[in-house]
Amino acid sequence: MAAHLSYGRVNLNVLREAVRRELREFLDKCAGSKAIVWDEYLTGPFGLIAQYSLLKEHEVEKMFTLKGSRLPAADVKNIIFFVRPRLELMDIIAENVLSEDRRGPARDFHILFVPRRSLLCEQRLKDLGVLGSFIHREEYSLDLIPFDGDLLSMESEGAFKECYLESDQTSLYHAAKGLMTLQALYGTIPQIFGKGECARQVANMMIRMKREFTGSQNSIFPVFDNLLLLDRNVDLLTPLATQLTYEGLIDEIYGIQNSFVKLPPEKFASKKQGDSGKDLPTEAKKLQLNSAEELYAEIRDKNFNAVGSVLSKKAKVISAAFEERHNAKTVGEIKQFVSQLPHMQAARGSLANHTSIAELIKDVTTSEDFFDKLTVEQEFMSGIDTDKVNSYIEDCIAQKHPLIKVLRLVCLQSVCNSGLKQKVLDYYKREILQTYGFEHILTLHNLEKAGLLKPQTGGRNNYPTIRKTLRLWMDDVNEQNPTDISYVYSGYAPLSVRLAQLLSRPGWRSIEEVLRILPGPHFEERQPLPTGLQKKRQPGENRITLIFFLGGVTFAEIAALRFLSQLEDGGTEYVVATTKLMNGASWIESLMEKPF
Amino acid sequence: MDCYTANWNPLGDSAFYRKYELYSMDWDLKEDLRDCLVAAAPYGGPIALLRNPWRKEKAASVRPVLEIYSASGMPLATLMWKSGPVVSLGWSAEEELLCVQEDGVVLVYGLHGDFRRHFSMGNEVLQNRVLDARIFHTEFGSGVAILTGAHRFTLSANVSDLKLRRMPEVPGLQGAPSCWTTLCRDRVAHILLAVGPDLYLLDHAACSPVTLPGLAAGVSSFLQMAVSFTSRHLAVFTDTGYIWMGTASFKEKLCEFNCNIRAPPKQMVWCSRPRSKERAVVVAWERRLMVVGDAPESIQYKQLTIQVLLDRLVLRRLYPLAIQICEYLRLPEVQGVSRILAHWACYKVQQKDVSDEDVARAINQKLGDTPGVSYSDIAARAYGCGRTELAIKLLEYEPRSGEQVPLLLKMKRSKLALSKAIESGDTDLGEQGLVFTVLLHLKNELNRGDFFMTLRNQPMALSLYRQFCKHQELETLKDLYNQDDNHQELGSFHIRASYTTEEHVEGRVAALQKAAEAFNKAKNDFAAKATEDQMRLLRLQRCLEDELGGRFLDLSVHDTVTTLILGGQNKRAEQVARDFRIPDKRLWWLKLTALADLEDWEELEKFSKSKKSPIGYLPFVEICMKQHNKYEAKKYASRVGPEQKVKALLLVGDVAQAADVAIEHRNEAEMSLVLSHCTGATDGVTADKIQRARAQAQKK
């Protein structure tokens, strides 16, 4: 069912099964036929752990999206609301319930809060006079959702903002709980490394939780060797840069949501003869992107410039395979050919899809503006002209390019200069407020609070030291056959991944000086194991490190980690976990505040 | 053989029975049991008697007495009943005695007559009183069902997770039903009731009529009904002296019998022996007992599990025996020894003659860090016995801060609770979110000043409370910022207010004024200045709307100027641009864009000649081409500087001239760019020209 989750060194299907079991148990509590009313935001994450077929097996007959006034008619015994604990959603639920009460035969109402019940929400339901209508009010702690064989996400959109702007550690608490669940299923992780304030907090919570659960000793042989907790604010730079891997670009341009992407339909029109251009589809083409698709698994992490040659090679292989039918003479040969047909046809469909996507992306990447923007980004990252007003950014503002794009560039410049000179900073801010509106002063304050935008203090620019020590800028990048992680940004090696790489070899002791410049403490904790569970490594066997990005991770960073996992003499394989899969645009957007 | 069969009596044609005494009851009962409410727990558990339950009929001085005996009649507890009149008694599966009072309150007692807790069956009952009540068992636990004076049913399927379900009205029900029972179907508790010749099945949603298959004719009323322990079988007794036995699904009749006794029986119950396939119904009248059997059918009884057995020993305070059994069976500690020890500790805290220190030490010595022991449960018990200090001492041994908090709150040690909650890191704004729960407690408990002071010492709790205020109490949020001298946030707060709470321009400007003051205090010069500019802009926009009509409010400075140009107000536009000091370059972009939108080519040309363009002339070419005006575009292409000339010429489609310029520049990149534009047949000559120039350049 979710085979792609078990391809990696760690079988994440175990986790998926555990969360599915919990869901089934809840559904069975509400005996009889059911309709589920969905908080729309949850359908994506739930889709990754339970398809409709599972719900159907447990008598879910109807599904609705949560919206105001009455529910659509449904002849079911139970109505279950699956919602995040948000006050505005409670108002809608109350409206639904009250109009349903007037409609006639009483139903059983239930609420499943994801990930937690909330006192405020229940109080609101009580104030609206409907709290008593609910028979089961429960919580479903979907902390870590398996996305791929080596990828877990909490899909908590507000995590970065809450942690770094509002000092609200709730998502860290959930992260720690998610890690406890993982350890319950995959064994205690013997070593914890971390860098950053939030990382420290999560480690503390884990240690505390472990102490609290001394009763149930974990007797599972540990799968992970290390856990590396990284604060997003240790590396504010990487997400701001435009990702240049295939998957990264799909996300930058179209946005990948819960492993699905919606694409403009024109390129995907069926190319049957006779009806050319008659009925162009109008609905967006929705595709699921994960490593269950062989071709996608092969190209997702490549630099986009290396994707074309793979696609054309694949095209040749596939047409050659189809040509084989002419060589099939005997019945046996024909039979064998036919048996391979479904696989070949799937491969051909997959190739057609990705050729279309690659064309769409190429239209963007070959545009002049994309080139100009990338040039500016690369100049900043390699340390050129980071200390004065940039004329490309000025022009973008004057032409009212999307604000997110402008903010992303200004923040990038600020981060690459350890803060901007006051004059430069004020100029940008004033230009932004005058052009896009004064209300964005709140957004600017948020960016400043998060450290993305700041005045340079002490007149010292630390970035060059960091860049040189960690070798963040590589001039001799090979996009086709990469030898270093810098290929994912065509020159820039993501700081976060470099930290992971250096931790595994030769160890952080070699970069103490830079670690001190980067924000937050770095630390190491050991979780003792009973002797029976201690691992004896086979010669040549890689370590498995779980790396948890607190505050979000980009696809390009994941690609870089996969590159490290595949290195023959790398010694470490990575499983990635995060609070949210994100890119620069969605990140900046999460920090924006619109007062009206 | 004689000795074996001697005391067996024939029952029907093929069965025999015998009666012999297993043990004699130890009790010494004076009254007739008929004057008592009696309840016997399942699986040979204790028996409860309430003597003189009908107080109102007797002299007020005679108080009811509640007595509890073991199954063999050993007295376990005796207590005076001081609460209200009791309608019904029953034992839960956990051997807790449930006493349902007439006012709907259910009092819960332990095996030794210790009061545990109480709950109510709903407010409605207060007026209407409880007529009748049943305690029943399902796979989820033990439930209570009541019939009220208004002839409505309310039930809770599980008293340890109380959820009241009020059943719908039964149509046409005037008086009490002639008989009723609870019935568990599809894992949901139902009520089956008889009204005259009709049977109804109630669930919380509907009342549906029921017919029994093969029921003999002529029934005008049902006098008794009984459901088997497993809820699979049903027996009814009718006014014709007829007994129907069948499945509780109402699908099948198992047997019927006419006993010709029309008097209503006192009791009717299902019975059978474990592992036996025979089942029977026992019907009792005042002086007669009748056993009605049916055809064999396989049924299985849930056996008493080892856990239940241990529970029973613990309830009887036989701790050493229970521990020995655990050790003998090698039960895991969590389920076995440590659980028993925890029970022992709960008993220990009730020994009032031992000092707090000694009890705490004794418990910790015996329990240590035994896995699975909950010190907070023991502490809760200590608090329940009024020993708060002991409870606090015991809580110190509790490793889970999350477990310490609820009890600390209950004991009104809120500040201690807050620091324990913060240690846990559980900051959810949720019911189980510990810090938040404590905060709400503190907020109610302390006056505002003390509450704020407490928060001040706990930064994490403070930020959490701010989150809460953002959603619920904006004014409090302001007070918090004020108290902390957080002028920056206060400024942002007033800016938000200028957009959301204030409607009129004056009000908005006033809010901004406050914001500017706050920013000044925060020494944020930029924000203060920007806020003042915004006040100026709002006032200006207000004037523009009055003067020119249209919508200006909440446009940016940039868009205000653009709107003025689009409305033909060029002078006003110039004025605003000057007043707000829009940089020259951006103003040129702005005008260029606006005039092209208007397709005012004449004005655009005039503008382009007003002085030397600070943004060059390529943007003019681009924007004309965007509006598909090649004619205008060409005018500007000639004015584009040498660096961008080739690009401009290519834009207007003049490939030949672009080639010439590129060759003149001897610029390889430009030449390739032109070459890539040589697509049409007519461009062949140009392409050749470039190739020649390249070849020449290479020779040199």
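Below, read A as the first sequence line, B as the second, and so on, with proteins coming before strands; counting in each chain starts at 1. Keep in mind it's a predicted model, so treat the numbers as computed, not measured.
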Exercise. Could you walk me through whether H445(A) and E489(B) pass the side chain to side chain contact (heavy atoms under 4.5 Å, CB included) check?
Worked result: CA-CA 9 Å; H445(A) 284 164; E489(B) 287 298 337; over 6 Å; no
Exercise. Between R124(A) and chain B, which part of the residue has a heavy atom less than 4.5 Å away: side chain, backbone, both or neither?
Worked result: side chain
Exercise. Hey, does the side chain of Y436(A) reach the backbone of S556(B) with a donor-acceptor pair shorter than 3.5 angstrom?
Worked result: no
Exercise. Does R496(B) pair with E439(A) as a salt bridge, N-O distance under 4.0 Å?
Worked result: no
Exercise. So, K77(A) and D203(B), do they make that salt bridge, N to O below 4.0 Å?
Worked result: no
Seminar exercise, completed: Bottom line for Y427(A): the part with an atom under 4.5 Å from chain B's heavy atoms is side chain
Problem set entry | Side-chain donor-acceptor contact under 3.5 Å, Q434(A) with R581(B) | no
For this session: Of all the heavy-atom pairs spanning H558(B) and T435(A), show the shortest one and how long it is.
Result: CB-CA, 3.5 Å
Seminar exercise, completed: In terms of heavy-atom contacts, S463(B) and S167(A) come closest through OG-O, 3.0 Å
Problem set entry | Residue part contacting chain B, namely of Q201(A), when any heavy atom lies under 4.5 Å | neither
Exercise. Taking the side chain from S492(B) and the backbone from L442(A), do they hold a donor-acceptor pair closer than 3.5 Å?
Worked result: no
Exercise. Does any heavy atom of chain B fall under 4.5 Å from the side chain of L433(A), the backbone, both, or neither of them?
Worked result: both
Problem set entry | CG on N524(B) to CD on E448(A), rounded to 0.5 Å | 7.0 Å
Exercise. Under 4.0 Å between a Lys/Arg side-chain N and an Asp/Glu carboxylate O for R586(B) and D395(A)?
Worked result: no
Exercise. Is R466(B) salt-bridged to E166(A), cutoff N-O under 4.0 Å?
Worked result: no
